Protein chains: 4
Amino acid sequence: MAQTARKQPPGRIKIMQALRLLLEQEGFDAITTAEIARVAGVTEGLIYKYFKDKRDLLYQVLEEMFEGVILRIRTRMDRETDTFLRLYAFIDETVLVYATQHVFARIILIEVRSLPDFFTSRAYECVRIYSRMLQNVLEDGISEGLIRKDIDVRFLRDTLLGAIEHTCLWGVLFHREMDVQGVAEQLLRFVSEGIRPSV
Amino acid sequence: MAQTARKQPPGRIKIMQALRLLLEQEGFDAITTAEIARVAGVTEGLIYKYFKDKRDLLYQVLEEMFEGVILRIRTRMDRETDTFLRLYAFIDETVLVYATQHVFARIILIEVRSLPDFFTSRAYECVRIYSRMLQNVLEDGISEGLIRKDIDVRFLRDTLLGAIEHTCLWGVLFHREMDVQGVAEQLLRFVSEGIRPSV
Amino acid sequence: MAQTARKQPPGRIKIMQALRLLLEQEGFDAITTAEIARVAGVTEGLIYKYFKDKRDLLYQVLEEMFEGVILRIRTRMDRETDTFLRLYAFIDETVLVYATQHVFARIILIEVRSLPDFFTSRAYECVRIYSRMLQNVLEDGISEGLIRKDIDVRFLRDTLLGAIEHTCLWGVLFHREMDVQGVAEQLLRFVSEGIRPSV
Amino acid sequence: MAQTARKQPPGRIKIMQALRLLLEQEGFDAITTAEIARVAGVTEGLIYKYFKDKRDLLYQVLEEMFEGVILRIRTRMDRETDTFLRLYAFIDETVLVYATQHVFARIILIEVRSLPDFFTSRAYECVRIYSRMLQNVLEDGISEGLIRKDIDVRFLRDTLLGAIEHTCLWGVLFHREMDVQGVAEQLLRFVSEGIRPSV
DNA sequence: GATGAATGAGGCTTCATTCAT
DNA sequence: TATGAATGAAGCCTCATTCAT
């Protein structure tokens, strides 16, 4: 993540900005390299100086976005000490991100799923870091006795992530407004009532 | 709807069948006219004898599918007289269609949304007919006093359609199996408890 | 080989002729698809209607040439009954081909050697047929007692082919004139004196 | 030849070394300037500080190699005083060079032949010097009465060079091992028996 | 002496579409 | 009713080369 800070050539920055901009208007497939170059104000060839191919560019844009998302979530979680509040923070901030950053949401929830090399890209590392953050909270909850021990923590994590994504997908697909707080609270309640150890 | 009955030239039929077949394997964008012609066993040129362009072909295939769907739902509803059972029939049959006819579901829920001229196509007429069927039931419910009057019936209709689609979208996107009856019952309960006039 | 006779679309023919023409002036790598299309008087796209890619086009041109070459050699050989004369005919005609058909010679002796998929192409089949013709003569010679039995016939065949190619390569590379009869006689003498069974 | 001694900037040296290295693995056409710069550990731009273009770089690398070759041959010849032994030394050392220095051999025997400006490059000067060395020996032989006077010395020289190259080309093209001494002796015998004045 | 950013022409290939027969 | 030939615009990508700093 440190390399984001390094100084980058202007052309590279302009290209990534151009793609980000275009992704707000069309799907990745519909965007051409010529369009990217035109919007960036550079030549098409320059794209291939900085990126292996068009998909690599997408992954790097995605990675940059994801780093921001992770930072946001982490910052938000660090303000809480109580494990359940930290869990809520994770969910709420994630939903907020999906609700406000449509481009990011659409890419991560839809576009990359059909790109086979995504799972070997550096952007996918972010997915793993992100998912690890949730797992850590859940493990804390288990060791504190707040969450029942008889469920595999990774199953719990994946179910939770699935529920969040599921709930947000609709808004993402059709640009619907989402009641962020409502969704987050509902999710937490559902989850917490289902996973607390039975007294 | 009438033209389904009309006798159709064999080439036209083969082309539509070919597209239907291919849609089971790939998204519409990924299918080429060459592929369609090859699978249909005709030449590419013939496609343009019967269809304005590639999208027009999709719309006609979709229309045909949709006519079948509407027929199914109508038949099912006609077996019930009680308004709430008719409503349930509508929901249940729709979910069943989404669960079993993946191609139809994917096209109607996802693919056509990005095609600008869809909403002026004849296939879109089917959407309106379908949506009108639901509206009719709801209006019946209102006039029978089963459904509260203080909600706009079109708002009700759209919310309901949205809820159904929302619930099915996930399974469609990632080829997950769906618990049809469970989903339908849940939906009806949610809906009915939320919309019945307060006693 | 029969398919050469089938009627072919004019565009296809023009494209193959264009490549043949261009190969007389430049190496295959230096020839662009745009050039081919321009010379053929068709659009670039048409090339890919008839050929998988640029290399496939080369292989088909080569195949056609090779079929002519094989026919020539076969015809010439069929005029002789004596095995040694048939061997001489093979060598002499091959040298003659290399000496007169520069394009064919350069492709087969040089260009295709660096193309990895050549050996799985149909053009390579011609190489095998051609090489089989020589092997047959040699086997006849062995069974007639004219050629010693203690040398593996395939080794003999490959050595002989290597000698021919070796001897012709120079002329091919630098467009030198070749003393066809001299070369062929020299080769046959060398070969026959080395391979006749010692009395 | 003097510039070999001159002190050269490190970047220039690294670039030439890089190309030499890469030529061991691929043909000149297949090598990109980006590759050269990467292997040299410099930027692409620097190449154009020291070399007019990519071909100029090749010629300078070739020139340097050729100077080494000429030096080797000259040193070897200077050890002999007898004209025929000097001639043998020239042939033997040349064959040895072709057999051991594949890169040099491939460039000089094949690659440069298709580059039109080679014959006006300084590298071509080396060819002339090298060829002059042979001519000198032959002239010595003639004036000593060892070689018949009735053949034009330049024709003799070119035939001889052609024979050597011809004999080595095969090994160079297909990376075959060469029996250096055998080849050299054979060549000398063939030549000497053909060119000695008839007694 | 060297870098780093950027260019631009051109490469091969794909694909929906048209039209004469 | 159907074919078969051909188009042309556009797609992604490569590479030698230039120039300000």
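Order of the sequence lines sets the chain letters (A, B, ...), proteins ahead of strands, with each chain counted from 1. Remember, predicted model here, so these are calculated numbers, not experimental data. Basis for what follows: all heavy atoms, side chains included, without hydrogens, waters or symmetry-related copies.
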Query raised in the report: In whole angstroms, how far is the P atom of F/dC12 from the CD1 atom of A/I36?
Result: 7 Å

Query - Protein-nucleotide distance (B/I47, atom CD1; F/dT3, atom C1'), rounded to Å - result: 13 Å

Requested in this report: Looking only at non-hydrogen atoms, find the nearest pair between B/K14 and B/G41 and report the distance.
Outcome: NZ-O, 4.4 Å

Report task. Using the six-membered ring of A/Y48, assess whether NZ or CZ of A/K54 lies under 6.0 Å from its centre and within 45 degrees of the ring axis. Result -> no

Query raised in the report: Considering heavy-atom distances to DNA chain F, does A/G45 or A/E35 have its closest nucleotide positioned more toward the 5' end?
Result: A/E35

Report task. To the nearest Å, give me how far apart CG (D/L57) and P (F/dC15) are. Result -> 16 Å

Query - Atom-to-atom span, CD of C/E44 to P of F/dC12 - whole angstrom - result: 17 Å

Query - Side-chain (C/D117) to main-chain (C/T120) donor-acceptor, under 3.5 angstrom - result: no

Query raised in the report: Under a 4.0 Å N-O cut-off, is there an ion pair linking C/E64 with C/R20?
Result: yes

Query raised in the report: Going by atom types only, do A/Q60 and A/R12 share a side-chain donor-acceptor pair under 3.5 Å?
Result: yes

Query raised in the report: How close do B/E26 and B/R106 get, heavy atom to heavy atom, and via which atoms?
Result: O-NH2, 3.1 Å

Query raised in the report: Which residue lies toward the 5' end of DNA chain E, A/V42 or C/K52, if each is placed at its nearest nucleotide?
Result: A/V42

Query - ring-ring contact (aromatic ring centres under 6.0 Å, His included) partners of D/Y59, counting only residues at least two apart - result: D/F118

Requested in this report: Compare every heavy atom of B/V172 with every heavy atom of B/A105, then report the nearest pair and how far apart it is.
Outcome: CB-CG2, 3.6 Å

Query raised in the report: Roughly, in whole Å, what's the span from CZ in B/R12 to C1' in F/dT3?
Result: 19 Å

Query raised in the report: Checking all strands, does B/Y50 fall into the base, sugar-phosphate, or nothing category for heavy-atom contacts under 4.0 angstrom?
Result: sugar-phosphate

Report task. Could you tell me whether A/I31 contacts a base, only the sugar-phosphate backbone, or nothing, with contacts defined as non-hydrogen atoms closer than 4.0 Å? Result -> sugar-phosphate

Query raised in the report: Where each residue is assigned the nucleotide of DNA chain F containing its nearest heavy atom, which of C/K49 and B/T43 is assigned the position nearer the 5′ end?
Result: B/T43

**Report entry** Closest contact, heavy atoms only, C/G11 versus C/V42
**Finding:** CA-CG1, 4.4 Å

Requested in this report: Considering only heavy atoms of chain A and a distance under 4.0 Å, specify the first and last nucleotide of DNA chain E in 5' to 3' order that meet this criterion.
Outcome: E/dA5 to E/dG8

Report task. Locate the shortest heavy-atom distance separating B/I47 from B/T33; write the atom from each residue and the value. Result -> CD1-O, 3.7 Å

Requested in this report: Mind checking D/T32 for me? I need base, sugar-phosphate or nothing, with any heavy atom below 4.0 Å counting as a touch.
Outcome: sugar-phosphate

Query raised in the report: Rounded to whole angstrom units, what separation is found between the CG atom of D/L19 and the P atom of F/dA16?
Result: 11 Å

Requested in this report: Dot-bracket notation for DNA chain E is requested: 5' to 3', Watson-Crick or G-U wobble pairs only, both distances under 3.5 Å, with ( ), [ ], | and . as defined.
Outcome: .||||||||||||||||||||

Report summary line: Here the distance between atom C1' of F/dT7 and atom CD1 of C/I15, to the nearest Å, is 12 Å

Report task. Measure the distance from CG on A/L58 to P on F/dC12 and round it to the nearest whole Å. Result -> 13 Å

Requested in this report: Tell me which of D/G11 and B/L46 sits closer to the 5' end of DNA chain E, going by the nucleotide each one is nearest to.
Outcome: D/G11

